[in-house]
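Following: one structure in structure tokens, then a few remarks.
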Amino acid sequence: MRDVVKRTKLTENCSKKTIKKYVDEVIQELTLDEKIGVMSGQVTEKKLLDDLFLIEHYNVKPYPTKAVERLGIPNIRFVDGPRGVVAGSATCFPVSMARGASFDRDLEEKIGEVIGAEVRAVGGNYYGGVCINLPRNPRWGRAQECYGEDTYHLGEMGAALTRGVQSQNVMACIKHFAMNSIENARFKADVHADKRTLFEVYLPHFKRCIEEGAASVMGAYNKVYGEQASESKYLLKDILRDKWGFEGFTLSDFLWAVKDGPKAVKSGMNVEMPCICHYAEQIPKAIEDGTLAMEDVDEAVGYILRTVLYYETRKDPQEYTEDILACPEHIAVAKRAAEESMVLLKNENHVLPLDKEKTEKIVVLGVLGDTENIGDHGSSKVHPYYTVTPFKGLMKKMPKAQILYNDGSDLERAKELAADADAVVIVAGYIHSDEGEYLADRSDIAGMGGELMIRILDEGRHVWESVDTWVLSPQSELEEVRRFLLREGFAVLREQMVKDNGKFYTVMAASRGKMECEQKEELRYGPCLIRDKNPVLLEYLAQEEKRILGIREGFDLEKAEQWTPGQRTAFRQLGEELELIGKTRRRMGHKEEYISEVQRDN
């Protein structure tokens with residue numbers, strides 16, 4: 001029995017009519033603050049930016065709205081996508097553009113079922129990953145998050161993903177409504193189109209997903225016909241509600257989609273995400289001076305609660321425990337999706353498939369041949385516990401062949417290797433810095449009131465603070481380990497879940513610089529601290545080293561004299577991280593030396 005059924009008078013699988021009657025009654029019991037909480041994300045701007053630049057990663061845990069505990073009313077728990085579950089360490093699927101090339105609606109529905117189950121496993125109930133914008137230019141940074149450039153294709157694949165996700169009692173969000181086909185200018189663009197183009201080109205795929213029963217619609221950043229899309233009555237009420245009969249709730253894109261809170265509420269924007277922002281600041285005053293009616297607020301709360309309670313009272317088709325994250329069954333679906341997404345344009349002389357018995361030497365050329373290139377690093381970034389590069393995959397698939405890798409930077413050497421090989425595999429394409437989601441430049445941030453983000457960038461806090469040690473903990477001992485670290489004067493700056501031989505662990509980056517140690521006790525070498533030559537941690541450190549080296553490459557050493565204090569601090573900290581990685585590797589080989597070093601530190 002689900003929690004909502006236990007805490008309210010609603011019953012399992014109760015009707016929408018019963019839920020509506022209950023919501024109509026409970027709205028009268030809610031205070032204005034509680035109503036605004038239901039309509040607002042509860043993440044502070046600082047917390048969001050820390051997730052982005054400091055702690056671990058964006059959406060590491062579901063982003064919530066307010067739950068009204070005294071009445072047993074649940075909240076929205078947002079998890080992003082679309083190539084999997086962004087929170088935690090989950091199954092990573094091919095990007096939507098690749099999956100669109102399969103034209104397989106049944107497979108996309110199955111992917112949705114897996115994603116929905118993993119959303120539930122990380123504690124979410126809302127999936128913001130049905131991205132069905134229409135790419136109008138191949139240079140659009142988020143083209144990879146969509147299925148293609150045909151409105152029918154977009155609608156069918158989006159509807160399939162919606163079906164799959166919602167089969168696990170997770171609310172699916174279709175986004176970004178509407179005419180959001182711009183990246184770097186998405187905060188500034190004002191999009192105009194004649195009505196025929198709007199309804200025949202830009203909206204049919206959204207309508208198709210609404211007909212499929214999509215629970216939620218996310219408003220876009222851009223303007224439409226001179227108004228913010230997330231404050232447009234024409235989009236949110238006249239079309240979405242009146243023309244299409246949409247019964248779910250609307251939700252804003254993050255931070256900067258809403259500029260005028262009361263106007264957004266009156267126009268039909270039900271939830272402002274993910275931070276406590278305009279709604280909390282502006283609605284009480286607007287109610288007081290009469291520019292916003294309580295009926296407008298109640299209407300929004302009604303849409304939200306009816307939808308949330310419907311999904312929270314459905315009987316679950318399965319249990320959602322942590323061990324289903326990236327389980328073999330889910331990885332098999334991802335592998336099938338990758339196989340069916342591939343498009344073979346030409347196979348002259350039947351070169352493919354490679355003969356396992358006759359192919360003795362293979363050369364893999366190109367930087368991407370041994371790069372973990374699984375998609376953008378923006379809001380869609382999934383954090384799987386491992387990634388197989390083409391080079392590593394070939395080694396596993398062709399165990400009898402000699403497989404060589406060359407990044408192609410030395411063209412003459414690459415030619416020599418290729419001439420002596422039975423097969424050459426060239427891996428070419430884009431990485432996240434070539435195409436991907438655009439955040440904002442300083443003028444955008446300043447224009448949208450993002451003073452905190454400007455300050456964080458200036459302070460160099462986009463690199464995490466100095467780490468004193470890494471800690472590896474089995475999931476079963478995680479809380480005990482956290483308490484131990486706290487007792488010993490450490491603060492956990494960053495956590496990453498990893499998996500090895502079917503078991504989950506958490507790697508933690510810990511620092512003593514964040515707080516004073518109350519007792520100078522001898523630091524025990526216990527189950528939480530680094531174990532000798534642990535392969536899970538060694539692999540994690542290798543990934544960290546690669547990540548840090550990549551960040552350092554972005555610093556222009558020739559202009560070091562012009563760096564801000566924050567940039568100089570960040571570069572120094574990156575160097576310290578690299579030194580610590582080397583020191584940690586040595587410690588794992590010499591436990592006694594490690595203990596003595598810690599004792600000397602005390």
Side-chain angles (χ1 to χ4, degrees), residues 78-86 93-119 124 126-136 140 142-181 198-220 229 235-236 239-240 243-251 253 307 311 333-334 337 340-341 375-376 379-380 382 437:
F78 179 102
V79 175
D80 221 330
R83 67 176 187 266
V85 172
V86 170
F93 291 91
V95 295
S96 300
M97 185 63 73
R99 292 171 1 223
S102 74
F103 299 95
D104 191 331
R105 287 171 286 198
D106 292 339
L107 175 57
E108 189 65 11
E109 184 174 348
K110 181 62 180 176
I111 290 170
E113 291 173 8
V114 170
I115 289 174
E118 294 196 357
V119 168
Y126 183 101
Y127 183 60
V130 186
C131 188
I132 52 171
N133 289 119
L134 183 69
R136 305 302 286 164
W140 181 40
R142 299 182 78 174
Q144 62 186 285
E145 292 187 44
C146 307
Y147 295 106
E149 57 186 347
D150 178 82
T151 191
Y152 176 78
H153 180 219
L154 279 168
E156 288 300 304
M157 295 297 283
L161 185 63
T162 296
R163 280 195 306 274
V165 168
Q166 295 190 165
S167 72
Q168 306 302 308
N169 296 325
V170 171
M171 297 170 281
C173 166
I174 58 176
K175 64 183 186 183
H176 306 83
F177 193 64
M179 295 199 285
N180 177 222
S181 303
L198 176 68
F199 281 95
E200 292 186 6
V201 177
Y202 286 102
L203 295 186
H205 37 291
F206 284 96
K207 186 172 185 287
R208 173 69 183 89
C209 292
I210 295 298
E211 292 170 346
E212 197 61 47
S216 184
V217 176
M218 179 183 286
L235 290 179
L236 302 176
I239 295 176
L240 202 55
K243 280 186 177 292
W244 296 350
F246 177 57
E247 296 181 349
F249 63 87
T250 56
L251 179 143
D253 207 338
T307 307
Y311 284 90
V333 177
E340 296 197 19
S341 296
D376 186 28
S379 61
S380 67
V382 175
E437 183 174 6

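With Phe206 as the fixed residue, the ring-ring contact (aromatic ring centres under 6.0 Å, His included) test singles out one of Phe199, Phe177, Phe246: Phe177.
Ion pairing of Glu212 with Arg208 is present here, as a side-chain N (NZ or NE/NH1/NH2) and a carboxylate O approach within less than 4.0 Å. Here Lys110 does not pair with Asp104 in a salt bridge; the nearest charged N to carboxylate O distance is not below 4.0 Å.
Here the closest non-hydrogen pair linking Val382 and Val85 is CG1-O, 3.7 Å. Listed here is the closest heavy atom pair of Ile239 and Leu198: CD1-CD2, 4.3 Å. Listed here is the closest heavy atom pair of Ala101 and Ser341: CB-O, 3.6 Å. Residues Thr307 and Met171 approach most closely at CG2-SD, 4.0 Å, considering heavy atoms. For Val86 against Ser379, the heavy-atom pair with the smallest separation is CG2-O, 3.4 Å. Taking both residues in full, the closest heavy atoms of Cys173 and Val217 are given as SG-C, 4.3 Å, listed atom of the first, atom of the second, then distance.
In terms of modelled atom types and a separation under 3.5 Å, the side chain of Ser216 and the main chain of Phe249 share a donor-acceptor contact. The main-chain N or O of His176 is found under 3.5 Å from a side-chain atom of Asn133 such that the two form a donor-acceptor pair. For Lys207 (side chain) and Trp244 (main-chain N/O), no donor-acceptor pair under 3.5 Å exists by modelled atom type. Although no hydrogens or angles enter the test, the distance criterion places no donor-acceptor pair under 3.5 Å between the side chain of His205 and the main chain of Leu154. A side-chain donor-acceptor contact under 3.5 Å links Asp376 to the backbone of Glu437.
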Evaluate the side chain to side chain contact (heavy atoms under 4.5 Å, CB included) criterion for residues Phe103 and His153: first the C-alpha distance (whole Å), next the side-chain angles of each, then the deciding distance (0.1 Å), finally the verdict. CA-CA 8 Å; Phe103 299 95; His153 180 219; 3.8 Å; yes

Chi angles and distances behind the side chain to side chain contact (heavy atoms under 4.5 Å, CB included) call for Arg136, Tyr202: CA-CA 10 Å; Arg136 305 302 286 164; Tyr202 286 102; 3.5 Å; yes

Give the C-alpha distance, both sets of side-chain angles, the deciding distance and a yes or no for side chain to side chain contact (heavy atoms under 4.5 Å, CB included) between Met179 and Leu235. CA-CA 11 Å; Met179 295 199 285; Leu235 290 179; over 6 Å; no

Val119 vs Val165, side chain to side chain contact (heavy atoms under 4.5 Å, CB included): CA-CA, chis, key distance, verdict: CA-CA 9 Å; Val119 168; Val165 168; 5.9 Å; no

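A distance of 7.0 Å separates OG1 in Thr162 from CD1 in Ile132, rounded to the nearest 0.5 Å. Interatomic distance, CD of Glu156 versus SG of Cys209, reported as 9.0 Å (0.5 Å rounding). Distance CG/Leu134 to CD/Glu149: 8.0 Å, rounded to 0.5 Å. Here the CD atom belonging to Glu145 is positioned 8.0 Å from the CZ atom belonging to Arg83, to the nearest 0.5 angstrom. Here the OG1 atom belonging to Thr151 is positioned 10.0 Å from the CD atom belonging to Glu200, to the nearest 0.5 angstrom. Taking CD1 of Ile111 as the reference point, atom CG of Asp106 lies at 11.0 Å (rounded to 0.5 Å).
No more than 12 heavy atoms of other residues, nucleotides or ligands lie within 6.0 Å of CD in Glu247, so this atom counts as exposed by the packing criterion. Within a 6.0 Å radius of CD in Glu109, other residues, nucleotides and ligands contribute more than 12 heavy atoms.
Within the 4.5 Å cutoff, no side-chain heavy atoms of Leu161 are placed close to those of Met157. When side chains are defined from C-beta on, Val170 does not count as touching Ile115, because their heavy atoms never get closer than 4.5 Å. Between Asp80 and Lys175, some side-chain heavy-atom pair lies under the 4.5 Å cut-off. Side-chain contact between Cys131 and Cys146 is present, with at least one heavy-atom pair separated by less than 4.5 Å.
Looking at Gln166 and Tyr127, their side chains never bring a donor and an acceptor atom within 3.5 Å of each other.
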